[in-house]
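So that the names make sense, note that chain A is the first sequence line, chain B the second, and so on, each numbered from 1. Computed from a prediction, not measured in an experiment: that's the story for all the values here.
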Amino acid sequence: MRNAEIARRLTTLADLLEIDGANGFRVRAYRQAALAVENQPRQIADMLEAGEDLTDIEGIGEDLADKLATLVRDGRLPGLGDAEKRVPPALRDLLRIDQLGPKRVKALYDELGIQDLDDLRRAARNDEIRRLSGFGEKSQDKILDALERLDSEERRTPLHEAQQVAEPLVEYLRETGGVSRVTIAGSYRRRKATVGDLDILAVCDDSRAIMQRFTGYEEVDEVISRGKTRSSVRLGNGLQIDLRVVPAASYGAALYYFTGSKAHNVAVRRIAVDKGLKINEYGVSQGDEHLAGEDEEAVFAQVGLPFIPPELRENTGEIDAAYHDRLPRLITLDDIRGDLHMHTRDTDGRASLEEMADAGKRRGYAYIAITDHSQRLRMTHGLDSRRLREQMAAIDALNERIKGIRVLKSLEVDILEDGSLDLPDEVLDALDLCVASVHSRFELSREKQTERLLRAMDNPRVHIIGHPTGRIINRRDAYPLDLERLIDGARQRDCCLELNAQPSRLDLGDRYARQAKEAGVILAISTDAHATGQLGNMPYGIDQARRGWLEPDDVLNTRTLAQLQKRLKRR
DNA sequence: GCCGTTTTCGGCCCGACTGTTTTCAGTCG
């Protein structure tokens, strides 16, 4: 059983226990255990197999270690069956409805016999809910609204889409009189690949004025709440946005607090409590004495920690690393010296070879690699041996006359179903760099897909595996793949993995990028640009690389041209 | 259910807003 499935079962049990009115801390223990399992780099099943002690994992004690062992062995989580007898499992779905928490879900079940979303919809339409004590007219209306939203579209917003909404809104808010700062906190500031909502923080002399302006923004569809310090709205596209107004003296504490993640905050606050300190969104205090709040660094300093970059604040080891002064020196856009994956008009790109080279030069790159598709990808007019040779000759000619940037002769060669490559070795031998990617047969079994990729890496001409999991955010899941084996295989073969920076791909994602780094695998952060402007997607890749704890040395395209060429030859 | 330099019991992060309430519970982040 995979970690994701174990985490799912733990979360299910936590939900059911919560509805059943179990001790809240017990519920939280199950949720934290689910999180711990999900963030565990190794498979729980493998750890058990190796006889390792699960209680070494923070958040897993004796009891849960036993339960996890049973779950992995028998496929049954102790306690889950009982809970499902007491609480209809479909009641969990009701928790997804805004404004419905465990208490009210329980009330709906006890009083009206509501067991699932359909029951809820019926009861709301029949005007039954408003009659319930603790509910009313507005609650019933809100439930109907939320049900409708759930039907229409349920998904997190990709970071780049959120950015397109957020930036103009922030500008708009900055134009309010008396505003001195406007910043977006939350998962947006942590640069998660997708965001659930936006948390905006503002410092303003006149909170009423900015709240007025915020709720009056032209794209606002619904005002969910409106107060002196906090308001929430929903935009026409469904995205929820919270605005908080804080005094300047609390700006740093509020920024820290609302940047999260929740798990990170809870862990740091636990340290603070041990030191007799209290942290909230207004500052750090001891008794009545206010110790810090104006800036984030000071908040960290009070708990004895250096500044932790937002991208790392997930409670996955960053607090311990900070404590021992072992935080990574995270990669930045300035460290990048070239882009190793892009297309031209020869296949499915929109710009010419020369235009791509000029665009790379304008970004200050020392090198770019032209990686058009190979023949198998008919719909992109993929290159066969003859056309590839022509392109290579054109690149040689271009390198003769262009100054200040080196264009590498490359290819994004298709990995065929059996793991062999789409063009013969003697053709690939003439390339400077070779990226190999899967574009077909996504439905192969996990075993076969993994073997296919390992086999492709067996060919020493392959330097980089492109978009290794094939996921497209909100549109296509990763194909079944044993990422741990792939990463280990890449390490053994000294092959690089790509971190594809296309905002809809971000593949490898943050977690696997980190696993690759820890295994000693070098990543290439590449835009996969199909037009000159898309070379500008590099920052999205950098974001995820930072979330994956990557340092400049972990990344192939931070190398100088000479270093890069040496490394490419070594394969 | 977890955890422990306040250690095997008794804590466990904390404040804002809403709706349904006469003083606050529930939800959210």
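Contact annotation: A/Lys278 reaches the phosphate of B/dG15 (side-chain N/O to OP1 or OP2, under 4.0 Å).
The cationic atom of A/Arg191 (NZ for Lys, CZ for Arg) lies less than 6.0 Å from the six-membered ring centre of A/Tyr188 and within 45° of the ring axis.
Counting any heavy atom pair closer than 4.0 Å across all strands shown, A/Gln32 reaches no nucleic acid atom.
Taking a cutoff of 4.0 Å between a charged side-chain nitrogen and a carboxylate oxygen, A/Arg122 and A/Asp119 qualify as a salt bridge.
Protein atom CG of A/Leu243 is 14 Å distant from nucleotide atom C1' of B/dC17, rounded to whole Å.
In this structure the side chain of A/Asp15 never reaches within 4.5 angstrom of the side chain of A/Tyr30, judged on heavy atoms.
For B/dG29, the paired base is B/dC14 (Watson-Crick or G-U wobble, both distances below 3.5 Å).
Distance noted for atom P between B/dT20 and B/dC28: 15 Å (whole Å).
Just one of A/Asp221, A/Asp98, A/Asp242 meets the salt bridge (Lys or Arg N to Asp or Glu O under 4.0 Å) condition when paired with A/Arg234; it is A/Asp98.
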- Sugar-phosphate means primed atoms, P, OP1 and OP2; the rest is base. With that split, encode nucleotides 22-29 of chain B 5' to 3' as B, S or - using protein heavy atoms under 4.0 Å. ----SSSB
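In this structure, a donor-acceptor pair under 3.5 Å is absent between the side chains of A/Gln502 and A/Asn537.
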Side chains of residues 294-301 of chain A: which donor-acceptor pairs under 3.5 Å do they make with residues two or more places apart or in other chains?
residue  : atom : partner  : partner atom : Å
A/Asp295 : OD2  : A/Glu297 : N            : 3.4
A/Asp295 : OD2  : A/Ala298 : N            : 3.2
A/Glu296 : OE1  : A/Arg189 : NH2          : 2.8
A/Glu296 : OE2  : A/Arg189 : NH1          : 2.9
A/Glu296 : OE2  : A/Arg313 : NH1          : 2.9
A/Glu296 : OE2  : A/Arg313 : NH2          : 3.3

